[in-house]
Amino acid sequence: MILSLLAALPFAGAARADIPTAGRLVEHPDMASAHAATRNVTVWLPPGYDASQARYPVLYMHDGQNLFDASKAAFGEWGVDEHLARLAQTGQVRLPIVVGVWNTPLRLREYVPADLIAALPVEVRDSLLTLYGGAPLSDGYLRFLEELKPKIDATYRTLPGRDDTLIAGSSMGGLISLYAMMKHPQVFGSAGCLSTHWPLRLERLEGDALERWRETVVDAWSRVIAAGLPDPATHRLYFDRGDETLDQFYAFFQSRIDTVVRAAGWGPERFRTLVFPGAEHNEKSWNSRLDAPLTFLLPPS
């Protein structure tokens with residue numbers, strides 16, 4: 001009871017960050033959890049937030065240090081604030097509050113879906129756990145997001161319902177976004193998954209070994225996703241990929257996963273999967289095509 005009451009309290013120690021080109025940022029440093037590693041959270045409040053009493057949908061995004069501020073983004077910035085402000089000016093999206101949840105050194109283990117690892121054959125599972133440095137921590141990370149959401153809703157003027165709560169990320173962040181919507185369909189009504197890292201590993205795999213790995217992993221993915229997808233009548237799902245650098249390995253997996261999703265009854269109004277020729281696996285590429293997921297996941301009312 002005490003924990004649930006604490007979870008509903010507004011943040012303490014929030015600090016205004018550098019003013020972005022549109023809207024404003026609020027930093028919540030060192031957010032602790034009993035279920036996941038301590039991390040920073042950056043909240044973007046859209047233009048007009050301070051001058052109105054309007055309530056806003058909320059977009060939760062992973063790798064939060066890479067979303068808004070190039071000075072904090074070691075690999076480049078997504079420009080989420082600029083994209084949303086521009087799209088809203090032309091009426092292409094509903095403006096959300098964006099919650100950027102920073103990653104930690106445990107990123108791989110926090111973002112790899114535990115249900116998938118459990119579905120893999122033992123020898124494949126063991127090789128992944130060795131590569132990732134231990135068992136998945138994704139269920140604990142989702143518990144952290146469960147703790148975070150009521151704090152966000154208590155601190156900011158949000159629309160807290162499922163239809164107004166979205167989650168998105170890239171690469172491993174794409175995996176955990178899909179997993180979050182599958183595990184908590186009553187919380188997250190939409191998931192955006194850019195350059196989703198379906199293969200889980202690629203190093204030292206070639207020829208027959210690569211073929212066996214691909215078939216084993218995509219079969220496990222297919223079973224987990226078929227069993228866990230929420231109702232397409234009430235949810236939205238977005239996938240995309242490029243075809244350069246790491247993204248060149250995704251076509252085999254994505255085409256199979258797309259088939260699973262469509263077989264579960266997801267039509268074009270609720271499911272979109274796109275290919276961007278020439279796009280690479282990096283923040284610059286995700287920035288360049290961010291309009292596509294934002295306009296699909298946040299259509300104007």
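Count residues from 1 along the sequence.
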side-chain hydrogen bond (donor to acceptor under 3.5 Å, both in side chains) assessment of S222 paired with D219: CA-CA 5 Å; S222 297; D219 179 66; 5.9 Å; no
Between H83 and D291: side-chain donor-acceptor atoms closer than 3.5 Å: yes
ILVMFWY network linking V99 to V187, side-chain heavy atoms under 4.5 angstrom: yes
Test: R214 cationic atom under 6.0 Å from F252 six-membered ring centre, within 45° of axis: yes
Test salt bridge (Lys or Arg N to Asp or Glu O under 4.0 Å) applied to D63 and R107, step by step: CA-CA 9 Å; D63 297 313; R107 180 179 183 272; 2.8 Å; yes
Geometric class of the H184/F188 ring pair [parallel <30°, tilted 30-60°, perpendicular >60°]: perpendicular
S33 and R143, any side-chain heavy atoms less than 4.5 Å apart: no
Test applied, side-chain hydrogen bond (donor to acceptor under 3.5 Å, both in side chains); reference residue, W286; option that passes from S171, S170, S195: S195
Residue pair N103 / E110, side-chain donor-acceptor N/O under 3.5 Å: no
Derivation and outcome, side chain to side chain contact (heavy atoms under 4.5 Å, CB included), residues L175 and Y111: CA-CA 7 Å; L175 297 184; Y111 288 6; 5.8 Å; no
same_hphob_cluster(L25, W102) at 4.5 Å side-chain heavy-atom cutoff: no
Parallel, tilted or perpendicular, as decided by the 30° and 60° cut-offs, for the rings of W198 and W221: perpendicular
Pair T42-E27, side-chain donor/acceptor within less than 3.5 Å: yes
Carboxylate-amine/guanidinium contact E146 K183, below 4.0 Å: no
Nearest heavy atoms of L297 and Y238, plus distance in Å: CD2-CB, 4.1 Å
Residues, nucleotides or ligands: over 12 heavy atoms within 6.0 Å of E244 CD: yes
Check: F253 and R241 side chains under 4.5 Å, non-hydrogen atoms: no
cation_pi(R39, F144) dist<6.0 Å, angle<=45: yes
Distance-only polar pair, side chains of D258 and Q254, donor-acceptor under 3.5 Å: yes
Side-chain heavy-atom pair E147, M31 within 4.5 angstrom cut-off: no
V112 and Y179, any side-chain heavy atoms less than 4.5 Å apart: no
Transitive ILVMFWY side-chain link V275 to F249, under 4.5 Å: no
Distance-only side-chain donor-acceptor flag, D139 / Y141, under 3.5 Å: no
Matching residue for W44 among V80, L59, V26, V98 - test: side chain to side chain contact (heavy atoms under 4.5 Å, CB included): V98
Cation over ring face, R236 and F296, 6.0 Å, 45°: yes
